[in-house]
J.: 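Okay, handing you the structure first.
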Amino acid sequence: MSAPVVIETQTLEVSIGPQHPSTHGVFRMDVVLDGEVVVKLKPVMGYLHRNHEQLAEKMPWIASMPYTDRLDYFCSMSNNWAYALAVEKLAGIQVPERAEYIRVIMAELTRLQNHAAAVGFLLSDCGAWFTPVLYAFRERERILDFFEAVSGSRMMCNYCRFGGVRVDLTEQTLAMARGIVERFPRFLDEFEKLMTENEVLMARTQRVGILPKALAIDASISGPMARASGVEYDIRKVDGYGVYPRFEFQVPVGETGDVYDRYMIRILEMRQAVKILQQALRDIPAGPFQNPAVKLRNFKIPAGDGYGRIESPKGELGFYLVADAAGKNPYRYHVRPPSFINLTILEDMCLGHKVADVVVILGSVDIVLGEVDR
Amino acid sequence: MSAFGKGLLDGLRVTAVNFFGSYFDKGRKERLFTYQYPEERAPIPENSRTFPFLVADDPNDPVGTIRCTACKICEVECPPKCIYIVMDRDEKGKPRQRPKVFDIDLSVCMQCGICVEVCPFESIKMDNDYEKARYGRFNELVEHLPDLLKPNAYYHRIKPTEAAAVDAKLKAEAEKKAAKAAAAAAAKPPPKPAV
């Protein structure tokens with residue numbers, strides 16, 4: 001009986017990115033491969049660092065609002081809301097009811113278009129070359145047109161103000177939003193028929209990149225990624241900020257926490273977002289859309305600190321703000337970006353998988369580098 | 001569990017429906033959503049904003065009837081600091097309440113529209129012209145006062161509702177001011193006798 005043959009192999013270090021279509025921006029992964037299997041993965045961030053936090057500390061409170069659009073450029077409306085919420089909490093500002101409803105409508109539409117684009121790109125990473133993305137973008141286009149009609153810009157909306165929003169929704173724009181919400185379920189049905197039960201997709205994504213529930217909690221993963229791993233945690237339910245407690249919706253939760261669950265969770269969340277939108281558009285009250293007591297210029301905040309967070313489409317987006325005695329600009333301004341924290345777990349999900357799966361797993365995290373690097 | 005390959009075929013049916021549907025008038029608008037720019041242009045919503053411009057009331061004398069008073073509020077409030085203003089002064093150094101230099105660096109401007117919101121004189125507004133390509137990156141992208149000045153009629157053309165509201169507001173303010181001045185003139189005490 002002879003001893004089993006052991007072949008000496010060498011590991012190979014490959015650098016994926018920073019200019020690689022699968023990395024969704026300027027993000028680099030140092031991957032150490034044994035054959036095709038990943039044995040080590042180091043995410044390298046910081047290529048898109050723009051000094052957002054330090055810039056904000058040198059500027060008046062309102063001047064950071066347009067910069068928050070550029071954090072996660074897919075969901076500028078949610079970013080605006082998170083920042084406005086943090087400042088309102090810190091300064092004790094009341095928000096009129098209509099403004100709260102408008103914010104919910106905007107945030108949920110943002111969730112629709114972000115998730116549509118995210119699953120589209122995920123499928124594109126799997127090899128469904130651009131058909132799903134274009135179907136998703138066709139729908140996203142209508143939402144962006146709505147954003148432009150209301151706020152003036154498709155992506156850099158700069159829409160929320162402390163104590164309200166900048167522009168009211170008119171009858172025409174409300175009708176536009178109703179039209180989008182009405183046709184969105186049809187798009188979802190078509191989209192699901194296109195890919196959800198596809199055998200190739202299942203083979204590529206099921207049991208790939210599993211994130212166990214305990215690890216997800218330990219690594220403070222939030223958003224659809226945590227929920228796909230079975231963590232029932234949604235800040236809309238936990239905090240109940242804005243007028244969310246008034247709406248009836250469910251929080252979809254996954255089981256295995258693999259890539260397919262993350263795909264499915266996003267589809268289900270879009271269905272729930274449509275449900276919230278229907279209720280919000282039905283119940284939106286008349287009234288002022290901006291608290292008249294809040295001035296735009298010479299806005300000051302009493303000394304103190306506060307943390308405001310919302311359930312952005314990618315997870316928990318929080319702003320930690322400290323105001324000093326002068327109160328003219330933030331003394332400390334810190335962003336808790338969801339996709340940055342979600343990205344820290346990338347190595348644990350990728351170990352033991354093939355290098356082609358790394359691309360798919362990264363796509364399922366749904367990162368935007370503007371937010372990761374700030 | 002359905003038969004193996006059913007999901008794949010279902011997906012292919014969706015793409016086929018979309019592909020052939022785009023040849024029929026009924027599905028065309030739904031499915032072909034790309035605008036063939038520059039032959040075809042997307043309609044611009046009224047709220048749409050790109051870069052700021054300055055409003056002048058009289059198109060024949062834009063510099064004389066500029067609404068801007070060079071108060072420099074927008075220069076201070078602009079988040080990326082892309083505005084540069086120098087006030088016009090006469091020979092004695094007395095301010096003329098209008099800008100001598102008003103530059104906006106388009107390469108720095110991020111189109112947030114905060115200058116419009118803080119302006120107390122309704123003088124700076126957001127344009128919706130998006131064709132601003134230039135042959136250089138530095139001085140070519142700095143717009144000076146003559147480039148920025150646009151007549152009020154242009155503002156009415158691109159944003160009718162907003163411009164009408166602004167005009168009504170300015171008119172009301174002017175009337176209020178005139179009434180106040182008339183009241184002040186009527187209630188003016190007789191001039192003091194010379195000592």
Side-chain angles (χ1 to χ4, degrees), chain A residues 55-56 58-60 62-70 123 128 131-132 134-135 137-142 145-159 161 166-167 170 172-173 176 183 186-187 189-202 295-299, chain B residues 1-19 21-22 29-35 42-52 71 73-74 76-82 109-120 125-128 130 158-159 161-162:
Chain A
L55 268 178
K58 298 283 175 288
M59 284 191 298
I62 189 66
S64 302
M65 187 65 86
Y67 283 109
T68 58
D69 294 337
R70 281 130 179 108
L123 296 174
T131 305
L134 277 181
Y135 285 10
F137 266 43
R138 194 166 62 187
E139 220 49 41
R140 179 172 175 261
E141 199 66 17
R142 289 175 217 281
D145 281 348
F146 170 70
F147 285 171
E148 189 181 14
V150 175
S151 75
S153 191
R154 287 157 54 84
M155 288 173 83
M156 304 298 143
C157 300
N158 186 16
Y159 185 59
R161 287 287 173 267
R166 191 160 52 85
V167 191
T170 59
Q172 289 99 317
T173 43
M176 222 171 150
R183 54 170 290 131
R186 254 185 293 155
F187 155 74
D189 292 342
E190 188 188 39
F191 197 80
E192 279 213 84
K193 216 173 182 185
L194 181 70
M195 283 318 274
T196 300
E197 286 180 12
N198 189 305
E199 283 77 9
V200 182
L201 177 76
M202 286 182 176
K295 287 178 296 179
L296 193 63
R297 290 184 60 221
N298 300 325
F299 177 76
Chain B
M1 189 77 202
S2 53
F4 187 78
K6 187 175 174 293
L8 217 153
L9 290 174
D10 277 348
L12 284 175
R13 194 185 309 138
V14 172
T15 48
V17 165
N18 270 284
F19 174 67
S22 66
K29 232 181 122 205
E30 290 276 292
R31 297 187 170 97
L32 298 180
F33 59 101
T34 309
Y35 286 99
I44 304 173
E46 208 188 308
N47 275 344
S48 178
R49 57 186 150 87
T50 57
F51 293 105
C71 66
I73 288 175
C74 54
V76 173
E77 295 290 327
C78 175
K81 302 274 179 276
C82 68
C109 175
M110 61 172 176
Q111 318 176 348
C112 61
I114 283 189
C115 49
V116 179
E117 283 171 71
V118 296
C119 181
K125 293 290 166 198
M126 291 313 261
D127 205 343
N128 60 16
Y130 48 84
I158 59 169
K159 303 187 176 184
T161 344
E162 196 188 304

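Order of the sequence lines fixes the chain letters, A, B, ..., with proteins taken first and strands second; residue numbering starts at 1 for each chain. Heavy atoms only: backbone and side chains are in, while hydrogens, waters and symmetry mates are out.
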J.: Check whether B/Leu9 gets within reach of chain A through its side chain, its backbone, both or neither, counting any heavy atom under 4.5 Å.
T.: neither
J.: Relative to chain B, which of A/Met59, A/Arg142, A/Glu148, A/Arg138 shows the most heavy atom pairs under 4.5 Å?
T.: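 Top option by heavy-atom pairs under 4.5 Å: A/Arg138.
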J.: Taking every heavy-atom pair that is under 4.5 Å apart, which of B/Val76, B/Asn18, B/Thr34 has the most such pairs with chain A?
T.: B/Asn18
J.: Quick test of your reading of the model: are A/Arg297 and B/Glu77 salt-bridged, counting only N-O distances below 4.0 Å?
T.: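 Answer for the salt bridge query: yes.
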J.: For A/Phe191, is it the side chain, the backbone, both, or neither that has a heavy atom closer than 4.5 Å to a heavy atom of chain B?
T.: neither
J.: Is A/Met195 in contact with chain B via its backbone, its side chain, both, or neither, using a 4.5 Å heavy-atom distance?
T.: neither
J.: Which atoms of A/Thr131 come close to chain B, meaning under 4.5 Å heavy atom to heavy atom: side chain ones, backbone ones, both, or neither?
T.: side chain
J.: Highest number of heavy-atom pairs under 4.5 Å with chain B: which of A/Thr196, A/Leu201, A/Leu194?
T.: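 Heavy-atom pairs under 4.5 Å are most numerous for A/Leu194.
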J.: Hey, could you give me the CG/OG1 distance between A/Asp145 and A/Thr173, rounded to the nearest 0.5 Å?
T.: 13.0 Å
J.: For A/Arg166, is it the side chain, the backbone, both or neither that has a heavy atom under 4.5 Å from a heavy atom of chain B?
T.: side chain
J.: Residue by residue, scan residues 112-119 of chain B and write down, ordered by number, those that have a heavy-atom distance under 4.5 Å to chain A; if none do, write 'none'.
T.: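 Answer by number: B/Cys112, B/Ile114, B/Glu117, B/Val118.
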J.: Could you have a look at B/Asn128, B/Leu12, B/Ile73 and say which one has the most heavy-atom pairs with chain A under 4.5 angstrom?
T.: B/Ile73
J.: Measure the OG-CE distance between B/Ser48 and B/Met126 for me, rounded to the nearest 0.5 Å.
T.: 9.5 Å
J.: Are any of the side-chain nitrogens in A/Lys193 or A/Asp189 under 4.0 Å away from the carboxylate oxygens of its partner?
T.: no
J.: Find out whether A/Glu141 and A/Arg154 are in side-chain contact, i.e. whether some heavy atom of one side chain is under 4.5 Å from a heavy atom of the other.
T.: yes
J.: Checking heavy atoms, do the side chain of A/Val150, its backbone, both or neither come under 4.5 Å from chain B?
T.: backbone
J.: Can B/Arg49 and B/Asp127 be counted as an ion pair, charged N to O under 4.0 angstrom?
T.: no
J.: Regarding A/Arg186 and A/Glu139, does a basic nitrogen lie under 4.0 Å from an acidic carboxylate oxygen?
T.: no
